[in-house]
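Proteins come first, then strands; the chains are lettered A, B, ... in the order of their sequence lines, and each starts at number 1.
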2 protein chains.
Amino acid sequence: MPKRSITSYHVATAAGVSQSAVSRAFSPGGSIAEKTRKHILSIAGEMGYQPNAIARSMSTARTDVRQKSGMVGVIVTRLQDPFFANTIAHFSRDLQAKGWQMLLFSVDTQNEVDDALNSLMQFKIDGVIVLSAILSEHMAQVCKAQGIPVMLYNRDPQDEGICSVQIENFEGGQIAAEVLLEAGHEQIAFVGGGPSDPTTIERERGFVERLGESGLKPFRRETGDYTFDSGREAALRLFSRRERPDSVFCASDVMALGILHSARHDFSLEIPEDFSLIGFDDISSAAWPDHLLTTIRQPIRRMIGEAVDILTERMDDPELPPKSTRFPGALILRNTVRGMGPK
Amino acid sequence: MPKRSITSYHVATAAGVSQSAVSRAFSPGGSIAEKTRKHILSIAGEMGYQPNAIARSMSTARTDVRQKSGMVGVIVTRLQDPFFANTIAHFSRDLQAKGWQMLLFSVDTQNEVDDALNSLMQFKIDGVIVLSAILSEHMAQVCKAQGIPVMLYNRDPQDEGICSVQIENFEGGQIAAEVLLEAGHEQIAFVGGGPSDPTTIERERGFVERLGESGLKPFRRETGDYTFDSGREAALRLFSRRERPDSVFCASDVMALGILHSARHDFSLEIPEDFSLIGFDDISSAAWPDHLLTTIRQPIRRMIGEAVDILTERMDDPELPPKSTRFPGALILRNTVRGMGPK
DNA sequence: CTTGATATTGAATGCGCATTCATATATGCA
DNA sequence: TGCATATATGAATGCGCATTCAATATCAAG
């Protein structure tokens with residue numbers, strides 16, 4: 001028999017004080033005698049009273065410019081991808097640690113982001129984090145108008161007034177090229193996402209540019225969709241032809257592992273004896289002993305910490321100017337590049 | 001310059017109707033002329049008005065027994081684990097498809113579950129899903145008293161009034177034993193979680209019981225914590241001794257892959273030539289061509305679909321009796337059990 | 001033991017919405 | 001055409017809380 005929950009009025013009655021007093025007892029800066037507060041909190045504890053966050057949010061709408069809900073909206077694409085799952089895990093932890101709740105919305109494509117944000121905004125989220133996607137120009141405006149700070153994770157800040165945190169994709173691509181060149185490779189293939197994927201574009205650009213400095217061009221370019229299977233399929237195309245690459249730079253570890261498995265299983269190729277392979281991200285399975293994938297690591301703990309810091313600061317003080325940060329990737333030398341093992 | 005958002009009053013004024021009319025225009029069953037509704041919706045659209053879910057929730061607290069927030073709390077342990085990440089992805093999708101928002105809270109240990117639920121309840125969630133953990137007796141009572149349906153995913157229903165969805169762990173253990181026995185193994189080791197982990201207990205029980213029917217006992221038992229590294233360490237202990245098992249049943253794929261990688265890398269063992277290995281869950285990397293792990297599959301799409309159905313039905317109608325469902329695991333024969341390849 | 005300043009307290013209010021109740025308008029049927 | 005019924009609308013209300021404002025209690029200094 002569900003019954004309505006205990007309110008501050010009930011506690012007030014039981015404690016012999018006014019409802020205002022109860023409210024103040026639960027507000028950090030409340031003007032209330034310490035003795036009274038103790039008494040109220042004790043009674044409230046006995047009764048199992050917890051302030052209603054929804055009502056609190058309504059109430060603050062009166063004096064604040066915007067009502068605060070204490071919730072942060074998080075929009076994520078490809079949640080099943082281990083890289084993003086891990087990212088979410090960190091965001092969740094960091095947000096919670098600062099007392100924010102996470103309203104999670106997962107979408108499949110960029111197109112759904114606007115709808116997701118609309119749904120989230122009905123809940124009066126205090127800020128929003130978008131993973132590997134951007135907002136439409138319109139929604140960016142709406143957020144700005146409403147004073148909702150936006151954090152783009154893994155994307156360039158699309159607009160004035162929007163914050164972002166991401167890895168140095170261009171430099172990461174350069175590093176990969178550098179390593180492969182240094183190992184003496186010349187038939188270097190690239191595997192990335194589609195031609196309109198911003199992440200791929202940057203990584204490929206850095207990669208191609210660095211190759212160019214040595215007078216080389218990518219040996220071949222294959223497209224995938226950041227899934228293991230698409231990596232495997234890329235490998236199938238790459239190694240089925242007469243002319244095989246002597247090395248591959250792959251814009252994501254998941255796809256790189258697809259290539260690695262395919263090479264071993266479908267073509268009985270040894271790595272790095274038959275070809276070198278370098279990935280991007282440094283997901284945990286890249287370090288598994290039978291993989292030992294050489295890759296560019298994203299310092300995601302620091303990146304996410306920074307993203308949460310930037311966002312929470314702006315939720316507390318909407319006047320702060322937007323901020324964007326880029327982190328350098330770190331080369332993790334393992335065993336998939338010829339002659340270049342761990343130091 | 002953040003400004004307060006548009007309310008139903010603004011729309012009402014602009015449309016030349018009362019606030020009630022606007023509210024009704026946005027309420028599916030509202031008593032309002034179709035013509036008026038169209039007009040209001042059109043004006044609202046132009047103004048970019050969206051009903052405030054928080055205020056709506058406050059309002060419904062008046063007539064309903066409990067206020068409805070439209071949010072489901074999800075408490076998850078070990079979010080970084082690919083199995084759970086994937087589970088969350090599905091929950092998110094299914095919940096969204098039915099119009100529910102997901103308030104996600106990740107915890108590290110069972111101890112934190114109560115606190116998490118308390119935080120979530122302040123937001124007046126309409127239901128809660130707990131992954132691989134249970135509630136304290138006290139919180140279970142509180143939820144019951146408040147009429148908040150609880151769905152335990154991956155756990156036995158701990159209490160009257162609580163719903164659950166899980167895999168048949170006991171039978172899964174039996175199947176694993178069956179397969180290994182059939183393959184002619186006799187030195188069969190078990191690797192699972194700690195002795196108080198309910199999942200491990202059941203799987204191990206089924207496994208041991210089936211071995212017993214053939215007059216066998218587990219060759220050895222190693223403990224891990226469901227991480228890849230703990231699987232690897234278990235393998236280190238298992239294969240460093242003179243007497244090696246001829247096969248291993250591992251209560252989770254992640255740990256099983258730790259064993260597989262360790263066996264190949266640390267001991268140069270071939271699978272299934274040198275020993276057989278069988279996992280549990282069927283995570284996606286179990287199917288990677290250079291793994292091809294034989295395992296017991298959890299039909300998680302169906303399981304999660306069922307969990308969401310059960311929960312949403314009860315959020316809509318709190319009078320429904322609790323329901324618990326168990327799904328059978330399916331043996332997926334790949335290449336890690338001697339003589340038993342895919343059919 | 002005053003007086004003025006300060007710390008506490010309670011009553012009243014409104015956040016934005018859904019809903020009830022009373023009223024006005026439209027529809028059906030004789 | 002007239003009356004009963006159904007439908008559409010608006011005014012008023014309260015959900016649970018934080019906050020403002022006014023009133024009271026407490027305290028320090030003279």
Side-chain angles (χ1 to χ4, degrees), chain A residues 2-40 44 47-70 121-124 126 146, chain B residues 2-40 44 47-70 121-124 126 146:
Chain A
K3 52 169 185 276
R4 194 166 292 165
S5 35
I6 300 151
T7 73
S8 55
Y9 276 99
H10 302 152
V11 177
T13 307
V17 296
S18 71
Q19 180 269 327
S20 327
V22 177
S23 172
R24 280 191 272 257
F26 279 88
S27 309
S31 159
I32 188 173
E34 198 48 41
K35 199 179 136 196
T36 318
R37 162 172 276 148
K38 286 250 176 67
H39 176 228
I40 294 177
M47 302 177 69
Y49 168 75
Q50 297 272 78
N52 180 331
I54 301 268
R56 169 174 286 179
S57 170
M58 277 303 291
S59 182
T60 57
R62 233 170 107 229
T63 44
D64 289 10
V65 194
R66 265 193 335 104
Q67 55 186 315
K68 303 281 193 167
S69 64
M121 285 180 65
Q122 297 193 7
F123 287 85
K124 301 298 158 185
D126 296 330
Q146 310 241 330
Chain B
K3 53 169 187 275
R4 194 166 293 166
S5 36
I6 299 149
T7 72
S8 55
Y9 275 97
H10 302 151
V11 177
T13 308
V17 295
S18 70
Q19 179 268 328
S20 326
V22 177
S23 172
R24 282 193 271 257
F26 280 88
S27 309
S31 158
I32 187 174
E34 200 47 42
K35 198 179 140 196
T36 318
R37 161 172 276 149
K38 284 249 176 66
H39 176 228
I40 293 177
M47 302 176 70
Y49 167 76
Q50 297 271 79
N52 180 331
I54 300 270
R56 169 174 286 180
S57 169
M58 277 303 291
S59 181
T60 57
R62 237 175 102 227
T63 43
D64 287 12
V65 194
R66 265 191 338 103
Q67 55 185 317
K68 303 280 194 170
S69 64
M121 285 182 65
Q122 297 192 7
F123 287 85
K124 302 297 157 184
D126 296 331
Q146 309 241 331

Reckon B:T36 touches a base, only the sugar-phosphate, or nothing at all at heavy-atom distances under 4.0 Å? sugar-phosphate
Taking any heavy-atom pair under 4.0 Å as a contact, classify B:V22: base, sugar-phosphate, or nothing. nothing
Looking at A:T7, does any N or O in its side chain come under 4.0 Å of the phosphate oxygens OP1/OP2 on D:dG16? no
Starting at atom CG of B:N52, determine the distance to atom C1' of D:dC15, rounded to an integer number of angstrom. 13 Å
Separation of C:dC17 atom C1' from B:I40 atom CD1, nearest Å, is 14 Å
Round to the nearest Å and state the distance from B:K124 atom NZ to D:dC17 atom C1'. 12 Å
Do A:T7 and A:N52 touch side chain to side chain, with heavy atoms closer than 4.5 Å? no
How long is the straight-line distance from CE of A:M58 back to OG of B:S57, given to the nearest 0.5 Å? 9.5 Å
Interatomic distance, A:I6 CD1 vs D:dC17 C1' [rounded to whole Å]: 16 Å
Using a distance-only criterion (donor-acceptor N/O pair, under 3.5 Å, no hydrogens), is the base of D:dA11 paired with the side chain of B:S20? yes
Figure out the CZ/P separation between A:R37 and D:dA18, and round it to whole Å. 12 Å
Show your working on side-chain contact (heavy atoms from CB on, under 4.5 Å) between B:M121 and B:Q146 and close with a plain yes or no. CA-CA 10 Å; B:M121 285 182 65; B:Q146 309 241 331; 4.0 Å; yes
Taking NZ from A:K38 and P from C:dT8, how many angstroms apart are they, rounded to a whole number? 13 Å
Quick check for you: among C:dC15, C:dC17, D:dA11, whose closest atom lies nearest to any side-chain atom of A:M58? C:dC15
note: B:Y9, atom OH; D:dA11, atom C1'; distance rounded to Å ~ 9 Å
Looking at D:dG10, D:dT19, C:dC17, which one has an atom nearest to any side-chain atom of A:S23? D:dT19
Using OP1 and OP2 only, check whether a side-chain N or O of A:Y49 sits under 4.0 Å from D:dC17. yes
Whether the side chain of B:R62 and the base of D:dG16 hold a donor-acceptor pair under 3.5 Å is what I'd like checked. no
Distance-only donor-acceptor test, A:Q19 side-chain atoms vs D:dA18 base atoms, 3.5 Å: yes
In whole Å, I'd like the distance from the CZ atom of A:R24 to the C1' atom of C:dA12. 12 Å
Side-chain N or O of B:S31 less than 4.0 angstrom from OP1 or OP2 on D:dT7? no
Would you mind telling me which of C:dT9, D:dA18, C:dC17 lies closest to the side-chain atoms of A:S27? D:dA18
Non-hydrogen atoms of A:S27 and A:R37 that approach each other most closely: O-NH2, 2.8 Å
If you compare all heavy atoms of A:G70 against all heavy atoms of A:D126, which two are closest, and at what distance to 0.1 Å? N-OD2, 2.7 Å
Kindly indicate, with the supporting measurements, whether the criterion side-chain contact (heavy atoms from CB on, under 4.5 Å) is fulfilled by A:S5 and A:Q50. CA-CA 9 Å; A:S5 35; A:Q50 297 272 78; over 6 Å; no
From the options D:dA8, D:dG10, C:dC17, select the nucleotide whose nearest atom is closest to the side chain of B:R56. C:dC17
Within the structure, does a side-chain N or O atom of B:S8 lie under 4.0 Å from either OP1 or OP2 of C:dG16? no
Proximal nucleotide (of D:dT9, C:dG16, D:dC17) relative to the B:S59 side chain: C:dG16
